[in-house]
Trainee: 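Can you read through this structure? Questions will come right after.
Values in this document were obtained by computation on a predicted structure and should not be read as measured data.
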Amino acid sequence: MSEEEKIYRILVINPGSTSTKVALFENNKCVLSRSVFHDSSELLKYPDINAQLPYRMHVTRNFLHDSKVDLTKIDAVVGRGGPCYACESGCYIIDEKLVEDTKAVKGHFYHSSMLGVQMAYEFHQRYGMPAYMVDAPVVDELCDEARITGVKGLYRRATAHVLNAKETGRVYAESIGRKYEDLNLIIAHIDGGISITCHKHGRMIDGNDAGGGEGPFTPTRMGSMAVTDVLDYLFDKDKSEVRKLCSQAGGLSSWFGTSDAPDIYYNRVRKGDKMAERVWNAMLYQCDKWICMMAAPLEGHVDAILLTGGLLRIPGVVENVKQHCEWIAPITAYPGEFEHESMVHSALKVLRGEMEPKVYTGKPVWDGFKD
């Protein structure tokens with residue numbers, strides 16, 4: 001049997017701000033999948049995201065046990081990347097150093113994805129299968145202009161849904177007979193978190209710092225605010241409380257006490273709640289603004305605007321973006337995400353010997369200008 005014909009069983013673990021997604025693949029075929037929703041009110045019971053690890057592991061183990069998955073026969077486990085130091089795009093071996101830096105939030109990106117490599121590493125330690133991370137949210141390909149701020153020595157970071165965005169770009173490019181590396185794209189991931197990124201010939205050169213609270217407010221994040229407003233309204237709050245507003249307790253969760261966007265839309269917006277309608281429309285309005293902003297780094301030469309993420313399944317979301325942004329470039333929507341496919345694709349290449357996995361260096365890929 002050739003390497004291409006051999007069946008590899010790959011376990012994918014993908015913790016997000018509002019869910020833990022688990023899937024089992026046999027080569028490129030998904031044979032088992034589950035997404036467990038976690039309301040922000042439940043997750044906020046834990047003092048920080050790292051403290052959620054036992055809870056998320058319990059949910060995952062129960063699902064795999066109930067599904068009669070033999071973990072001794074798994075060929076690889078892939079965990080969603082988190083806030084390690086900024087790194088290059090690619091597939092990395094999950095080792096103790098990567099886990100340590102992720103837990104310590106070395107990449108300054110406080111988000112639930114930090115549990116992905118930790119969960120994968122726990123399975124690796126117990127069952128021995130290799131563990132990998134693919135296209136972490138801290139992949140840094142920013143152009144120089146996107147790094148500079150108005151405070152000397154303080155630089156913008158790249159934190160986004162890189163895993164899904166890059167794979168969405170590849171899927172779209174293949175559908176039109178092109179390569180991702182040949183196109184200029186604006187890619188908007190619209191879900192519990194919202195990241196809107198600008199891709200120039202295969203490199204993600206700009207985008208909102210989604211993990212840092214920049215950009216549109218979301219079901220769980222407060223989004224951009226004037227610094228004076230932060231000083232006036234948040235300065236007296238504990239630092240951990242402000243961080244939660246940037247990652248778990250802001251946005252729709254702050255307004256309505258829940259991050260369940262479908263519930264808010266169907267049971268409040270659609271039923272005539274005027275304030276819910278205003279807040280919902282404002283969230284979409286901010287998405288539209290950021291999408292339009294990303295046309296500037298590409299000098300208006302945009303081949304396509306790609307929409308992805310779970311909120312696209314809610315009526316009116318795609319139509320709203322088309323109404324406000326399709327004057328820039330054609331829009332194609334991919335409800336859901338391609339994160340699992342991206343992780344499996346890279347793991348398969350490694351297992352088949354077609355690609356060497358990278359080793360995490362413990363140093364940021366960009367660490368300041370040298371001249």
Trainee: Could you report the tightest heavy-atom contact between Trp290 and Ile196, atom names first, then the distance?
Mentor: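 So the two residues come closest at CB-CD1, 3.5 Å.
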Trainee: Is a side-chain N or O of Ser19 found less than 3.5 angstrom from the main chain of Ser35, in a donor-acceptor match?
Mentor: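 No, Ser19 side chain to Ser35 backbone: no donor-acceptor pair under 3.5 Å.
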Trainee: Would the Tyr155 and Phe369 ring centres measure less than 6.0 Å apart?
Mentor: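 Centroid separation for Tyr155 and Phe369: below 6.0 Å.
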Trainee: For Lys358, does the NZ atom sit with more than 12 other heavy atoms under 6.0 Å from it, leaving out its own atoms?
Mentor: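 Yes - once you tally the heavy atoms of other residues, nucleotides and ligands closer than 6.0 Å, there are more than 12.
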Trainee: So does Lys29 pair up with Glu26, basic N to acidic O under 4.0 Å?
Mentor: no
Trainee: Distance-only criterion, 3.5 Å: show the donor-acceptor pairs between side-chain atoms of residues 212-221 and protein atoms not counting sequence neighbours.
Mentor:
unit_1	atom_1	unit_2	atom_2	d
Glu214	OE1	Arg156	NH2	2.8
Glu214	OE1	Asp209	N	2.6
Thr218	OG1	Gly192	O	2.7
Thr218	OG1	Thr220	N	3.0
Thr218	OG1	Arg221	N	2.9
Thr220	OG1	Gly192	O	3.0
Thr220	OG1	Ser247	O	3.4
Arg221	NH1	Ala210	O	3.3
Arg221	NH2	His111	NE2	2.8

Trainee: Taking atom CD1 of Ile264 and atom CH2 of Trp255, what is their separation to the nearest 0.5 Å?
Mentor: 12.0 Å
Trainee: Hey, could you give me the SG/OH distance between Cys84 and Tyr92, rounded to the nearest 0.5 Å?
Mentor: 8.0 Å
Trainee: In plain terms, say whether Lys97 and Asp101 are close enough for a salt bridge, that is, a side-chain N and a carboxylate O under 4.0 Å apart.
Mentor: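 Answer for the salt bridge query: yes.
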Trainee: Start with the C-alpha distance between Gln323 and Asp288, add both sets of side-chain angles, then the distance that settles side-chain hydrogen bond (donor to acceptor under 3.5 Å, both in side chains), and finish with yes or no.
Mentor: CA-CA 9 Å; Gln323 179 182 346; Asp288 297 335; over 6 Å; no
Trainee: Please check if the side chain of Asn184 supplies one atom and the backbone of Leu298 the other of a donor-acceptor pair under 3.5 Å.
Mentor: no
Trainee: Just checking, any donor-acceptor pair under 3.5 angstrom between side chains of His161 and Ser195?
Mentor: yes
Trainee: Are Tyr55 and His38 an aromatic pair by the rule of ring centers under 6.0 Å?
Mentor: yes
Trainee: Evaluate whether atom CD of Glu356 has more than 12 neighbouring non-hydrogen atoms of other residues, nucleotides or ligands under 6.0 angstrom away.
Mentor: no
Trainee: What is the distance from atom OG1 of Thr197 to atom CZ of Arg203, rounded to the nearest 0.5 Å?
Mentor: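 Interatomic distance, Thr197 OG1 to Arg203 CZ, rounded to 0.5 Å: 13.5 Å.
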Trainee: Quick one: OG1 on Thr332 to CD1 on Ile305, what's the gap to the nearest 0.5 Å?
Mentor: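 Interatomic distance, Thr332 OG1 to Ile305 CD1, rounded to 0.5 Å: 9.5 Å.
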Trainee: For Tyr46, look at atom OH and say whether over 12 heavy atoms of other residues, nucleotides or ligands are found less than 6.0 Å away.
Mentor: yes
Trainee: Which residues, ordered by chain and number, are linked to Leu44 in its hydrophobic cluster, where ILVMFWY side chains connect at heavy-atom gaps below 4.5 Å, directly or through other members?
Mentor: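 Once heavy-atom contacts under 4.5 Å are chained together, Leu44 still belongs with nothing else.
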Trainee: Do the side chain of Asp75 and the main chain of Arg9 share a donor and acceptor less than 3.5 angstrom apart?
Mentor: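 Yes, the answer is positive, given that a donor and an acceptor are paired below the 3.5 Å cut-off.
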Trainee: Salt bridge check: are Glu5 and Arg352 linked by an N-O gap of less than 4.0 Å?
Mentor: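 A salt bridge is absent here (no side-chain N lies under 4.0 Å from a carboxylate O).
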Trainee: Specify the closest pair of heavy atoms between Ile291 and Ile186, including all atoms of both residues, with the distance to one decimal.
Mentor: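 For Ile291 versus Ile186, the nearest heavy atoms are O-CD1, 3.6 Å.
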Trainee: So does Glu337 pair up with Lys21, basic N to acidic O under 4.0 Å?
Mentor: yes
Trainee: For the pair Asp70 (side chain) and Thr72 (backbone), establish whether a donor and an acceptor sit closer than 3.5 Å, ignoring hydrogens and angles.
Mentor: yes
Trainee: From Met133 CE over to Ile13 CD1, what is the distance, rounded to the nearest 0.5 angstrom?
Mentor: 14.5 Å
Trainee: Are Val321 and Trp327 connected in the hydrophobic side-chain network, where two residues link if heavy atoms are under 4.5 Å apart?
Mentor: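 Yes, it is one cluster - the side chains of Val321 and Trp327 are joined through contacts under 4.5 Å.
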Trainee: Enumerate the side chain to side chain donor-acceptor pair (under 3.5 Å) contacts for residues 124-145, please, sequence neighbours excluded, ordered by first and then second residue.
Mentor: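 Only Ser89-Asp135, Asp140-Arg147, Glu141-Lys166 qualify under side chain to side chain donor-acceptor pair (under 3.5 Å).
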Trainee: Heavy atoms only: give me the nearest His189-Asp191 pair and the separation to one decimal.
Mentor: NE2-CB, 3.6 Å
Trainee: Please check: side-chain N/O of Arg80 versus main-chain N/O of Pro15, any donor-acceptor pairing under 3.5 Å?
Mentor: yes
Trainee: Judged by atom type as modelled, is there a donor-acceptor pair below 3.5 Å linking the side chain of Asp238 to the main-chain atoms of Ser240?
Mentor: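 Present.
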Trainee: If we check side-chain hydrogen bond (donor to acceptor under 3.5 Å, both in side chains) with Tyr180, which of these qualifies: Arg170, His199, Glu167, Glu174?
Mentor: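 It is His199; the other options fail the test.
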Trainee: How about Lys237: does its NZ atom have over 12 heavy atoms from other parts shown lying under 6.0 Å from it?
Mentor: yes
Trainee: Taking all heavy atoms of Glu88 and all of Val139, pick out the closest pair and write down the distance.
Mentor: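 Looking at all heavy atoms of both residues, the closest pair is O-CG2, 3.9 Å.
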Trainee: In Å, rounded to the nearest 0.5 Å, how long is the span from OG1 of Thr258 to CG of Leu252?
Mentor: 8.5 Å
Trainee: Looking at every heavy atom in both Val134 and Cys91, which two are closest together, and how far apart are they?
Mentor: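 The pair with the smallest heavy-atom distance is CG2-SG, 4.0 Å.
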Trainee: Say whether, by atom type as modelled, one donor and one acceptor occur between the side chain of Ser67 and the main chain of Leu64 under 3.5 angstrom.
Mentor: no
Trainee: Are any of the side-chain heavy atoms of Leu234 and Leu245 separated by less than 4.5 Å?
Mentor: yes
Trainee: Taking atom NE2 of His345 as the centre, report whether more than 12 heavy atoms of other residues, nucleotides or ligands fall under 6.0 Å from it.
Mentor: no
